[in-house]
S.K.: 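Just dropping this structure here.
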There are 2 protein chains.
Amino acid sequence: MRRNTAQRMAIEKVFNQHERPLGVDEVLSYGRHLVDSLNQATVYRNLKILVDEGLLKRISHPSLGTLYERTGKAHHHLFHCRECNRVFELSGCALKEDGAAPGGFVLEGHEVFLFGVCPSCGGMPR
Amino acid sequence: MRRNTAQRMAIEKVFNQHERPLGVDEVLSYGRHLVDSLNQATVYRNLKILVDEGLLKRISHPSLGTLYERTGKAHHHLFHCRECNRVFELSGCALKEDGAAPGGFVLEGHEVFLFGVCPSCGGMPR
DNA sequence: GTCGTTGCAAAGCCTTTGCAGGGAA
DNA sequence: TTCCCTGCAAAGGCTTTGCAACGAC
């Protein structure tokens, strides 16, 4: 049976307090503000549990490594700003579902990463 | 100055013989058919060099880890079959460039992974 | 002969796991 | 009291790096 320990609740709370995708190190440091004994192994174990339960989604970002974000949000894509390195969630889907895969391929899901410059970094094209 | 060693030429040849994205272990084992002394560290060093030179592109696949593919191809996306685990290259771009990013965001690039079942695995929806 | 490259082994990340103590129910 | 969970440390993968020998030019 699943137990609500202070550590697990802290980790869940971190994702409620931060809307953007988080790395393991961020979960750990934010989580330690809530439970100062929080251990790295505990974070890894709980992230895995939360992913298995469907509360979190694991993302493999091309340049930032493994990130985790809450599920249940509207479909969105991630935008990585090359200036400030922040990851933004852009609502909506920019994929043409029709024509994405040739005949014979059954499309069950997709993952899109966008790269560029965010508004607060100026947005001058490279 | 860049030297054309047997090892480096073997690694480049591997990518010419295999059109699909390859993992480090695949480059190593295919490369050893050409130069049997080929070492893992040599593969890593040369993959980095080839990426820096722009001959290869490094891809971070959500479930298959780090892959490398030749650059210079027409724009395409990757399709990962959950049955046979192969990665296919689908020509063309399924991203709606217009509307992908809200005003203020400057879009410089994107990466798309598609997931599903390939034709040879039957393609029955999950 | 130079000096970029290689093979080998050690070292570095990031992530997982074994174990004994601790705490939720 | 039960047994899931935690902290700690060790161990596992993948990738990088130090070093001496090698070999392309």
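Computed from heavy atoms alone, side chains included, the values below leave out hydrogens, waters and symmetry copies. It should be emphasised that the depicted structure is a prediction, and the values quoted were computed from it without experimental measurement. By convention in this document, chain letters (A, B, ...) are assigned in the order of the sequence lines, proteins followed by strands, and residues within each chain are numbered from 1.
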S.K.: Just by modelled atom types, is the B:Val87 backbone N or O under 3.5 Å from a matching donor or acceptor in the B:Arg20 side chain?
M.R.: no
S.K.: Any side-chain heavy atom of A:Ser37 sitting closer than 4.5 Å to one from A:Gln7?
M.R.: yes
S.K.: Which nucleotide in the set D:dT15, C:dT6, D:dT6 lies at the smallest distance from any side-chain heavy atom of B:Asn46?
M.R.: C:dT6
S.K.: Taking only side-chain N and O atoms of A:Asn39, does any of them lie within less than 4.0 angstrom of OP1 or OP2 on D:dC8?
M.R.: yes
S.K.: Would you say that B:Thr66 contacts B:Val24 through its side chain, given a criterion of any heavy-atom pair below 4.5 Å between the two side chains?
M.R.: no
S.K.: Quick check on D:dG7: is either OP1 or OP2 less than 4.0 Å from any side-chain nitrogen or oxygen of A:Gln7?
M.R.: yes
S.K.: Rounding to an integer number of Å, can you tell me how far A:Gln40 CD sits from D:dA10 P?
M.R.: 15 Å
S.K.: Just by modelled atom types, is the A:Asn46 backbone N or O under 3.5 Å from a matching donor or acceptor in the A:Arg8 side chain?
M.R.: no
S.K.: Provide the closest heavy-atom pair for A:Pro21 versus A:Leu78 in the form atom of the first, atom of the second, distance.
M.R.: CG-CD2, 3.8 Å
S.K.: Scan residues 29-58 of chain B for pairs that pass ring-ring contact (aromatic ring centres under 6.0 Å, His included), counting only residues two or more places apart or in two chains.
M.R.: B:His18-B:Tyr30
S.K.: Under 4.0 Å between a side-chain N or O of A:Tyr44 and OP1 or OP2 of C:dT15?
M.R.: yes
S.K.: Has A:Thr66 got a side-chain N or O lying under 4.0 Å from the OP1 or OP2 atom of C:dT15?
M.R.: yes
S.K.: Send over the distance from B:Leu47 CG to C:dT6 C1', rounded to a whole Å.
M.R.: 15 Å
S.K.: Between D:dG23 atom C1' and B:Leu38 atom CG, what is the distance in whole Å?
M.R.: 16 Å
S.K.: Would you check if B:Val112 and A:Glu111 make a side-chain contact, meaning some heavy-atom pair closer than 4.5 Å?
M.R.: no
S.K.: How many whole angstroms separate atom CZ of A:Arg8 from atom C1' of D:dT6?
M.R.: 10 Å
S.K.: Starting from the first five and the last five pairs of the helix from C:dG1-D:dC25 to C:dA25-D:dT1, work out the angle between the resulting helix axes, to 10 degrees.
M.R.: 30°
S.K.: Is it true that B:Phe113 and B:His61 have ring centroids separated by less than 6.0 Å?
M.R.: yes
S.K.: Check nucleotides 19-25 of chain C for protein N or O atoms closer than 3.5 Å to its own N or O atoms and list the pairs.
M.R.:
residue	atom	partner	partner atom	Å
C:dG23	N2	A:Arg3	NH1	2.2

S.K.: Could you state the NZ-P distance from B:Lys48 to D:dC14, rounded to the nearest angstrom?
M.R.: 17 Å
S.K.: If you group Ile, Leu, Val, Met, Phe, Trp and Tyr by side-chain heavy-atom gaps below 4.5 Å, do A:Val14 and A:Leu47 land in one group?
M.R.: yes
S.K.: Take the protein atom CG of A:Leu67 and the nucleotide atom C1' of C:dT15, then report the distance between them rounded to whole Å.
M.R.: 15 Å
S.K.: What integer distance in Å separates A:Ile11:CD1 from D:dT6:P?
M.R.: 7 Å
S.K.: Grab the CZ-C1' distance between B:Arg58 and D:dC14 for me, whole Å please.
M.R.: 10 Å
